[in-house]
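Report on the following structure.
Both backbone and side-chain heavy atoms feed into the values below; hydrogens, waters and symmetry mates do not. Just so you know, residue 1 is the first one in the sequence shown, and it goes up from there. Counting starts at 1 for both ligands and their atoms, following the listed order.
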Amino acid sequence: MKKHNFSAGPSILAKEVIENTAKAVLDLNGIGLSVMEISHRGKDFQAIMDETVELFKELLDIPDNYHVLFLGGGASLQFCMIPFNLLNKKAAYLETGSWAKKAIKEAKGFGEVEVVASSADSNFSYIPSDFSIPGDADYFHITTNNTIFGTEIHEDYDSPVPMVADMSSDIFSRPVDISKYALIYGGAQKNLGPAGATFVIIRDDILGKVERHIPTMLDYRTHIENGSMFNTPPCLPVYTCLETLRWLKKLGGVSAMYKLNREKAEILYGEIERNPLFRGTAEKDSRSLMNICFVMNDEYRELEKEFLEFATSKGMVGLKGHRSVGGFRASTYNAMPVESVQALVDVMKEFEKIKLS
Ligand SMILES: *Cc1c(COP(=O)(O)O)cnc(C)c1O
């Protein structure tokens, strides 16, 4: 049976990306060696890293004064690396979900943290719009897509201080004005590649402004100076990211993805609104294009388990909602085809028919 992979992360990758990675695992470009067994300092891997960085910059239209790094440790290590490198006195954070909370917790170990606004009062069902960014903060941190709660910031804010964004789950899903950000980071495993690689897009003029000693591995300058090769980078995950970027370019880049992502979201949110069994959990103007969260309407709550089993029997994978929201979460990352979203909608309609007719 065909599987429709709605997992939140690690998550769906394009079939072609997986196939090309599998080929390179067996034999990279006919050199007679696996991409896993060559030196990261040799010319074959250097070519992979160079093309990955180049395509990353090209597809996101990254200005020349930014660096693109591939590190280990996940987005979670960035929660600590960011304040380590940037927080002198005070940092401002927008609290829009569990990942933002984790980032805030780490920053508190390095200085004062001002939470400019929070949607914790409504279980993070919206993006606060009424807040101001303090001009005396060292930086302002946002989570552009809240993977767990299914909300997303749909604009690039104007910030009076350097803006830092966790884009783990919406990087490459929509056009972004990179010049408005000082640092963008994320784990690769949502919209880019397998787990193991962390991307960082950084403008280096924000560095060198804190007094504290920064351990070598946690200092962004180390990785900028060494082109992400200070130590062994996550070679195989980086290779898969490269295959994703090649695939993305072939399909028309970020703007083509944005169009498809809006189309997929429209189809699924449309059905959630139409189908009397279901309702969405995020407020309409804050709804994510990447993680679509929904529950069963109150009077049908006891059917949730049955719907999940029904959907699973039809090939739907990874639909169970995060425990902090409950219900269901359909992640519709770039690699998810429109047909899979349509297949889920068909399952929702079929279940409605069984239960309500
Ligand atoms: C998944 C996720 C993280 C955590 O990423 P790790 O690579 O597991 O550390 C952080 N932020 C957001 C928005 C995420 O979706």
| field | Residue and atom name of the nearest protein heavy atom (relative to atom 11 (N) of ligand 1), distance in Å to one decimal | value | D166 OD2, 2.6 Å
| Should the pair R41 and F45 be classed as cation-pi, given the thresholds of under 6.0 Å to the six-membered ring centre and 45° from the axis? | no
| query | When the ring centroid of Y157 is compared with that of F131, is the distance short of 6.0 Å? | reply | yes
| request: Test the R287-Y269 pair against the cation-pi criterion, namely NZ or CZ under 6.0 angstrom from the six-membered ring centroid and within 45° of the ring axis. | output: yes
| task | Output yes when the distance from some N or O of ligand 1 to some N or O of A75 is under 3.5 Å, and no in every other case. | result | yes
| Between T151 and N146, is there a donor-acceptor pair closer than 3.5 Å when you use the side chain of the first and the backbone of the second? | no
| query | Which of the atoms of ligand 1 are close to G74, meaning less than 4.0 Å from one of its heavy atoms? | reply | 7 (O), 9 (O)
| task | Looking only at non-hydrogen atoms, find the nearest pair between F84 and P215 and report the distance. | result | CZ-CD, 3.3 Å
| Cation-aromatic face contact K102/W99, 6.0 Å, 45 degrees | yes
| query | Which residue supplies the protein heavy atom nearest to atom 14 (C) of ligand 1, what is that atom called, and how far is it? | reply | K190 NZ, 2.9 Å
| query | Non-hydrogen atoms of M167 versus ligand 1: any pair closer than 4.0 Å? | reply | no
| task | Output the list of atoms in ligand 1 that are nearer than 4.0 Å to some heavy atom of F79, sorted by atom number. | result | 10 (C)
| query | How does K102 reach ligand 1, by side chain, by backbone, by both or by neither, if only non-hydrogen atoms under 4.0 Å count? | reply | neither
| field | ligand 1-proximal atoms of Y185, by part, heavy-atom distance under 4.0 Å | value | neither
| Protein contact to atom 8 (O) of ligand 1 [nearest heavy atom, distance to 0.1 Å] | Q189 NE2, 3.4 Å
| task | Output every pair passing side-chain hydrogen bond (donor to acceptor under 3.5 Å, both in side chains) with a member in residues 61-76, not counting sequence neighbours, ordered by first then second residue. | result | H67-D204
| task | Have a look at ligand 1 and work out which part of N145, if any, has a heavy atom under 4.0 Å from it: side chain, backbone, both or neither. | result | backbone
| With K249, which of E243, E54, E58 fulfils salt bridge (charged side-chain N to carboxylate O under 4.0 Å, His left out)? | E58
| What atoms of ligand 1 come closer than 4.0 angstrom to any heavy atom of T143? | 13 (C)
| field | For atom 9 (O) of ligand 1, the protein heavy atom that lies nearest, with its residue and separation | value | S76 OG, 2.6 Å
